[in-house]
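The structure appears below as structure tokens.
Everything quoted here is computed from the prediction, not taken from an experiment. Remember, it's 1-based here, ligands and their atoms both numbered in the order they're listed.
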Amino acid sequence: MKDIVFATNNAHKLRELREITAGVLNVLSLADINCHEDIPETAETIEGNAQIKANHIKEHYGYDCFADDTGLEVDALDGAPGVYSARYAGEDCNSENNIDLLLRNLEGKADRSARFRTAIALRIGNDISIFEGVVEGKILTARHGTGGFGYDSVFAPVEADGRSFAEMTPDEKNAISHRGRATSALVDYLLHGKLNTTYGEK
Ligand code: IMP
């Protein structure tokens with residue numbers, strides 16, 4: 001199995017990624033390589049942030065690695081929070097504050113369509129490749145379910161049965177999620193050299 005670093009400190013994402021790549025890749029965390037810094041995400045796109053993180057690990061720690069960044073794009077909010085999804089309600093906010101603000105900003109709006117978009121940047125040697133995954137859905141009017149993380153409790157994917165991501169099992173979410181799709185593209189590429197960079201586009 002190939003060792004590869006996943007440049008994240010998010011335990012939920014690491015668990016999801018290890019579930020998706022079980023038996024295929026040996027995914028090392030930042031803690032596994034003794035990296036305890038907070039890598040700044042200063043780009044204006046999710047692809048740009050993913051590249052910054054992957055390049056940082058290769059250049060400072062020497063490991064081949066991949067890094068992801070995710071944005072929630074809400075049509076009625078002109079694509080917000082997008083690349084700013086993690087700090088939508090402010091720098092020191094948490095997921096609950098972000099959801100509260102999102103629900104407030106959508107009050108009275110008929111169009112609740114949205115999508116999660118994940119970009120994964122893979123850095124092997126000096127080469128960088130980008131993989132993308134998208135899932136279309138709707139923002140619910142209140143939280144549903146207790147699983148998952150982030151905005152999961154208010155996001156219902158259109159291709160499921162109306163349940164939010166937080167009401168699904170990890171396997172159900174991974175099968176259709178933005179990160180599941182971007183990861184499938186990454187794994188296909190690593191195993192078979194198939195560079196299919198966009199999964200789940202409308
Ligand atoms: P990042 O990719 O960790 O920077 O995530 C950006 C924002 O999107 C954070 O607020 C995350 O909590 C949220 N987020 C990322 N992935 C998911 C997901 O799979 N479900 C729900 N929220 C997510």
Side-chain angles (χ1 to χ4, degrees), residues 6-20 29-30 37-54 56-57 65-74 77 79-103 105-106 112 114-122 130-140 142-160 163-184 186 199-200:
F6 182 13
T8 186
N9 287 313
N10 183 320
H12 296 281
K13 287 189 187 177
L14 197 60
R15 192 179 57 232
E16 276 188 7
L17 233 298
R18 283 179 170 152
E19 282 162 5
I20 293 165
S29 68
L30 289 177
E37 37 178 335
D38 205 9
I39 304 165
E41 300 183 18
T42 50
E44 288 181 5
T45 61
I46 57 170
E47 293 80 5
N49 279 335
Q51 283 190 52
I52 288 175
K53 289 185 273 185
H56 185 93
I57 294 304
C65 76
F66 61 90
D68 80 331
D69 198 34
T70 294
L72 174 65
E73 303 170 353
V74 180
L77 303 176
V83 71
Y84 304 110
S85 295
R87 46 207 144 113
Y88 188 41
E91 286 300 331
D92 294 325
C93 63
N94 58 29
S95 292
E96 296 312 309
N97 309 141
N98 286 337
I99 290 176
D100 287 341
L101 181 61
L102 179 65
L103 294 182
N105 287 345
L106 281 176
R112 303 188 72 95
R115 69 204 52 75
F116 275 115
R117 191 183 297 279
T118 290
I120 296 179
L122 171 69
I130 303 287
F131 304 87
E132 193 180 72
V134 179
V135 61
E136 298 286 338
K138 295 224 171 300
I139 304 299
L140 301 169
R143 292 166 171 82
H144 291 266
T146 53
F149 69 102
Y151 296 91
D152 275 346
S153 64
V154 293
F155 184 88
V158 288
E159 61 207 274
R163 283 178 298 159
S164 75
F165 268 156
E167 295 176 293
M168 297 182 179
T169 65
D171 281 351
E172 285 174 320
K173 178 185 172 189
N174 291 339
I176 58 172
S177 80
H178 44 302
R179 193 163 26 262
R181 287 173 165 150
T183 307
S184 296
L186 170 77
Y199 275 48

task = Please list, by chain and number, the protein residues whose heavy atoms come under 4.0 Å of ligand 1.
result = Lys13, Glu41, Asp69, Thr70, Ser85, Ala86, Phe116, Phe149, Gly150, Tyr151, Asp152, Lys173, His178, Arg179

ask   = Is the shortest heavy-atom distance from the side chain of Thr118 to the side chain of Ile46 under 4.5 Å?
value = no

ask   = Hey, what do you get for CD1 (Ile120) to CZ (Phe131), rounding to the nearest 0.5 Å?
value = 8.0 Å

task = State the CD1-CD distance between Ile176 and Glu159, to the nearest 0.5 angstrom.
result = 4.5 Å

Residue pairs involving residues 86-99 (criterion salt bridge (Lys or Arg N to Asp or Glu O under 4.0 Å); sequence neighbours excluded) = Glu96-Arg143

ask   = Out of curiosity, Arg163 CZ to Met168 CE, how far, rounded to the nearest 0.5 Å?
value = 5.0 Å

ask   = Taking atom OG1 of Thr8 and atom CG of Leu14, what is their separation to the nearest 0.5 Å?
value = 7.0 Å

